[in-house]
Amino acid sequence: MKNNQIKIEKESILSDNWYLLKKIDFQFKNKKDEWEKVSREVYDRGNGAAILLYNPETKNIVLTRQFRMPTYLNGNESGMMIEVPAGIIENEDPEISIIRETDEETGYKISEVQKVFEIYPSPGAVTEKLHLYIGKYNANMKAHEGGGLDSEHEDIEVFETSFTDAESMVKNGEIKDAKTIMLIQYARLHGII
């Protein structure tokens with residue numbers, strides 16, 4: 001249902017180099033019941049999916065480490081981020097997308113996932129909706145080394161760690177990625193591991 005308190009007047013494309021950056025000129029009805037004109041830049045990079053892979057027997061999880069330019073530009077000296085496997089949804093169901101991304105990034109061939117929730121990670125500027133999942137894995141599911149796709153210029157390190165160590169990495173600031181922290185907290189709150 002559309003919000004009748006919002007009137008979009010104009011959309012202008014500012015950049016379509018990597019993803020789509022738009023300027024949106026709109027009016028909204030404020031608390032005084034008056035129409036107010038506003039402009040905002042909105043970045044549309046598509047929707048994504050992420051997963052916490054966990055092994056209930058070993059109490060381990062699978063994480064990735066890769067360079068993230070935006071964090072490098074904003075104070076992360078190495079630019080490296082520890083994250084759960086994730087990726088952009090490519091004209092497919094989010095569940096199929098995360099199963100594909102898991103294979104590409106980690107080398108694990110999983111077939112079952114459980115959706116836990118959807119989030120807007122940066123609703124003030126980015127349109128992206130993230131679909132968050134959990135899924136079981138074991139050593140027999142490892143089909144290849146993973147590491148991402150060369151065609152997408154991915155250079156992803158894959159590693160396994162104990163759930164307890166991952167919680168410590170959140171606590172000491174080694175893990176700063178929001179989706180990863182949310183999924184680790186979800187697993188703790190729901191007794192997954």
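When reading the values below, keep in mind they use all heavy atoms of this one structure, side chains included, and skip hydrogens, waters and symmetry mates.
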Is any side-chain heavy atom of L21 less than 4.5 Å from a side-chain heavy atom of I13? no
Is there a donor-acceptor contact under 3.5 Å from the side chain of Y133 to the main chain of E95? yes
Expected output: side-chain T180 to main-chain V84 donor-acceptor under 3.5 Å: yes
Do K59's NZ or CZ and the ring of F163 fall within the cation-pi criteria of under 6.0 Å and 45°? no
Side chains of E11 and K23, heavy atoms from C-beta outward: is any pair under 4.5 Å? no
Salt-bridge present (R100, E104; N to O < 4.0 Å): yes
Does anything in residues 38-57 form a salt bridge (Lys or Arg N to Asp or Glu O under 4.0 Å)? List the pairs, not counting sequence neighbours. R45-E128
Enclosure of K109 NZ (heavy-atom neighbours >12, cutoff 6.0 Å): no
Compare all side-chain heavy atoms of Y19 with those of I88 and state whether any distance is below 4.5 angstrom. yes
Assigning hydrophobic clusters by single linkage (Ile, Leu, Val, Met, Phe, Trp, Tyr; side-chain heavy-atom cutoff under 4.5 Å), is I134 placed with I89? no
Ionic contact status for K29 with E36, cut-off 4.0 Å: no
Can you tell me if K142 uses its side chain to pair, donor with acceptor, with the backbone of T106 under 3.5 Å? yes
So if I apply the salt bridge (Lys or Arg N to Asp or Glu O under 4.0 Å) rule between E83 and each of R65, K176, K179, which one comes out positive? K179
Starting from Y186, can I reach V113 by hopping between I/L/V/M/F/W/Y residues whose side chains sit under 4.5 Å apart? no
Between NZ of K37 and CG of D25, what distance do you get to the nearest 0.5 Å? 8.5 Å
Would the number of heavy atoms belonging to other residues, nucleotides or ligands and lying under 6.0 Å from CG of N3 be above 12? yes
Do I24 and I8 make a side-chain contact, defined as non-hydrogen atoms from C-beta onward lying under 4.5 Å apart? yes
Rounded distance [0.5 Å steps], CD1 in I61 versus CD1 in I192: 12.5 Å
OH of Y120: more than 12 outside heavy atoms within 6.0 angstrom? no
Is there a donor-acceptor contact under 3.5 Å linking the side chains of S162 and N60? no
Look up atom NZ in K22 and atom CG in D16, then write down how far apart they are to the nearest 0.5 Å. 11.0 Å
Verify the cluster assignment for W18 and M69: are they in a single hydrophobic cluster under the rule of side-chain heavy atoms below 4.5 Å apart? no
Please check if the side chain of N30 supplies one atom and the backbone of E34 the other of a donor-acceptor pair under 3.5 Å. yes
List the steps, then state whether side-chain contact (heavy atoms from CB on, under 4.5 Å) holds for M141 with I110. CA-CA 7 Å; M141 296 175 173; I110 61 171; 4.0 Å; yes
Side chain H144, main chain G146, donor-acceptor under 3.5 Å: yes
Carefully, step by step, assess M182 and I119 under the rule side-chain contact (heavy atoms from CB on, under 4.5 Å). CA-CA 10 Å; M182 282 185 253; I119 63 166; 3.2 Å; yes
Which distance, rounded to the nearest 0.5 Å, do you find between the CG of L130 and the CG of N47? 8.0 Å
Is L183 reachable from I156 through a run of I, L, V, M, F, W or Y residues, each pair having side-chain heavy atoms under 4.5 Å apart? no
Side-chain heavy atoms of K136 within contact of E112, under 4.5 Å: no
Hydrophobic cluster membership, M80 vs F159, 4.5 Å side-chain cutoff: no
Has the side chain of T71 got a donor or acceptor atom that lies under 3.5 Å from a matching backbone atom of R68? yes
Please check if the distance between the ring centroids of F67 and Y72 is under 6.0 Å. yes
From the options N140, D103, N138, V62, select the one residue that forms a side chain to side chain contact (heavy atoms under 4.5 Å, CB included) with Y108. V62
Residue N17 excluded, over 12 heavy atoms near CG under 6.0 Å: no
Atom CG of L189 and atom CD1 of I184: how far apart are they, to the nearest 0.5 Å? 12.0 Å
Is any side-chain heavy atom of N76 closer than 4.5 Å to a side-chain heavy atom of M81? yes
I want to check something: taking the side chain as every heavy atom from C-beta on, are E101 and P85 in contact at a cut-off of under 4.5 Å? no
Using side-chain contact (heavy atoms from CB on, under 4.5 Å), reason through T64 and I82 one step at a time and then give a plain yes or no. CA-CA 6 Å; T64 65; I82 296 173; over 6 Å; no
Measure across A50 and A86 and return the closest heavy-atom pair with its distance rounded to 0.1 Å. CB-CB, 3.7 Å
Side-chain donor/acceptor of D93 to backbone N/O of S97, under 3.5 Å: no
Note, L20 side chain near Y43 side chain (heavy atom, < 4.5 Å): no
Nearest 0.5 Å, please: how far is CD1 in I51 from NZ in K115? 12.5 Å
Would you check, one step at a time, whether the test side-chain hydrogen bond (donor to acceptor under 3.5 Å, both in side chains) holds for E9 with Q27? CA-CA 7 Å; E9 296 179 330; Q27 290 187 48; 2.3 Å; yes
